[in-house]
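First the structure, in the form of structure tokens, and then the observations on it.
Keep in mind that what you see is a predicted model, and the values were worked out from it rather than measured.
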Number of protein chains: 2
Amino acid sequence: MKVLSKPSEYGLRALMFLVTKGEGKGYVNIREMAEELDISFHFLTKILQSLTQAGFLVSSRGPNGGISFARNPQQISLLDVLYVLEGQDFLSKCLLGLPGCGDFAPCPMHNSWAVMRVQLRNLFEHTNLSEVGQSVQLERLRLSP
Amino acid sequence: MKVLSKPSEYGLRALMFLVTKGEGKGYVNIREMAEELDISFHFLTKILQSLTQAGFLVSSRGPNGGISFARNPQQISLLDVLYVLEGQDFLSKCLLGLPGCGDFAPCPMHNSWAVMRVQLRNLFEHTNLSEVGQSVQLERLRLSP
DNA sequence: CAGTATTAAGAGTATTTTATCTTAAATTAA
DNA sequence: TTAATTTAAGATAAAATACTCTTAATACTG
């Protein structure tokens, strides 16, 4: 079961990293983040660019540049982030991939799946970046030891 | 959010089809199934082969051959099927894709994600092929009208 | 037994996703 | 000004997933 795409996984990990590592500091260097998280610099850059364009982050060029939260990470839910990285139809697709499926033409799984989707939505909506970022030990976000 | 792979989607749709279409009949022709469900015959064949090998279906060659349930579809849960089509680690992966994540080295999402996984598991475990197959109108399983 | 419909297996192709690399422009600090 | 750093766009490559095609073996029907 692949809930999140790689860009989403990487994006969330980077944002959690930014919560703890970015405290006090001004901007956090992207190259450094990429190394600490074992993510390709260029790949991570693209992901973070989309989060900057979406208004979650602010960036600064030049020496001591990098990224930083545009608003309090407490006010950014995982759902906000995933809508950007996964697309707006994240959480609204038919389990069986049937195009016409919906409340008025439900597939056999539609109703019970709708219940799950609400729960998933609640989880992502009520989890903010600050809480997940604070609770994590940074080495946990790495891919290799 | 891609919960199921295409082979799983197709496999489940085919099994639901088999529940309604296969009642009374002996074997159901795979070529006919493929046409009714808008799935490539060869692709569907492979998926059904793995379900036959897993013991859910029996097949017969020659004229009037095809597939049929090896046991009552009431006794086959979606989870049984998905374990075969998605692999045994279906439902046990870290949301953030972190390799070491587990109860003893949890990632920031591990605990809340574990709760969701249990719910997903319950849904799939307590839904059997018979009930979803019976409740469906066949045209709902098609991709195009 | 002969013909044929079907399963079965695997090679091969296409598409999508993920990842890398290159180049250049813009911005900032010292 | 110079060096460091991000932004941006796009070419390319690698890997995973999805799909198709070919061939062979099997087993049923008449």
Quick tally for nucleotides 20-30 of chain D: nucleotides whose base has a protein heavy atom under 4.0 Å get B, sugar-phosphate-only ones S, the rest -, giving BBB---BSBS-
What pairs with S59(B) under side-chain hydrogen bond (donor to acceptor under 3.5 Å, both in side chains), at least two apart in sequence or on another chain?
none
E86(B) CD to dA16(D) C1': how many Å, rounded?
14 Å
Contact boundaries on DNA chain C for chain B, cut-off under 4.0 Å to non-hydrogen atoms
dA5(C) to dA11(C)
Show me the side-chain donor-acceptor pairs of residues 77-103 of chain B shorter than 3.5 Å, one per line, residues at least two apart or across chains.
| residue | atom | partner | partner atom | Å |
| --- | --- | --- | --- | --- |
| S77(B) | OG | L79(B) | N | 3.3 |
| S77(B) | OG | D80(B) | N | 3.0 |
| S77(B) | OG | D80(B) | OD1 | 3.4 |
| S77(B) | OG | D80(B) | OD2 | 3.2 |
| D80(B) | OD2 | S77(B) | N | 2.9 |
| Y83(B) | OH | R121(B) | NH1 | 2.8 |
| E86(B) | OE2 | S5(B) | N | 2.8 |
| E86(B) | OE2 | S5(B) | OG | 2.9 |
| E86(B) | OE2 | S8(B) | OG | 2.5 |
| S92(B) | OG | D89(B) | O | 3.0 |
| D103(B) | OD1 | H110(B) | NE2 | 2.8 |

Validation row: F56(B), L129(B) side chains within 4.5 angstrom (heavy atoms):
no
Determine whether I67(B) and Y27(B) make a side-chain contact, defined as any pair of heavy atoms from C-beta on separated by less than 4.5 Å.
no
List the residues meeting side-chain hydrogen bond (donor to acceptor under 3.5 Å, both in side chains) with Q119(B), not counting sequence neighbours, and say none if there are none.
Q119(A)
How many whole angstroms separate atom CG of N29(A) from atom C1' of dA4(D)?
10 Å
Once you round it to whole Å, what is the distance between P of dT6(D) and CE of M33(A)?
11 Å
N128(B) meets the side-chain hydrogen bond (donor to acceptor under 3.5 Å, both in side chains) criterion, sequence neighbours left out, with E131(B)
Given dC19(D), is OP1 or OP2 found less than 4.0 Å from the side-chain N or O atoms of Y10(B)?
yes
Apply salt bridge (Lys or Arg N to Asp or Glu O under 4.0 Å) to K6(A) and list each qualifying residue two or more places apart in sequence or on a separate chain.
E9(A)
Between K2(A) and I30(A), the residue closer to the 5' end of DNA chain D by nearest nucleotide is I30(A)
Test of understanding: with side-chain contact (heavy atoms from CB on, under 4.5 Å), list the residues that count as partners of N122(B), not counting sequence neighbours.
V118(B), E125(B), H126(B)
Which residues satisfy the side-chain contact (heavy atoms from CB on, under 4.5 Å) test with Q75(A), sequence neighbours excluded?
R71(A), N72(A)
Atom pair distance, as rounded to whole Å: CD in E9(A) and C1' in dA16(D):
14 Å
For atom CD1 of I67(A) and atom C1' of dT7(D), their distance in whole Å
13 Å
Rounded interatomic separation in angstrom, taking NZ from K6(A) and C1' from dA15(D)
12 Å
Using whole Å, report how far CD1 of I47(B) lies from C1' of dT17(D).
12 Å
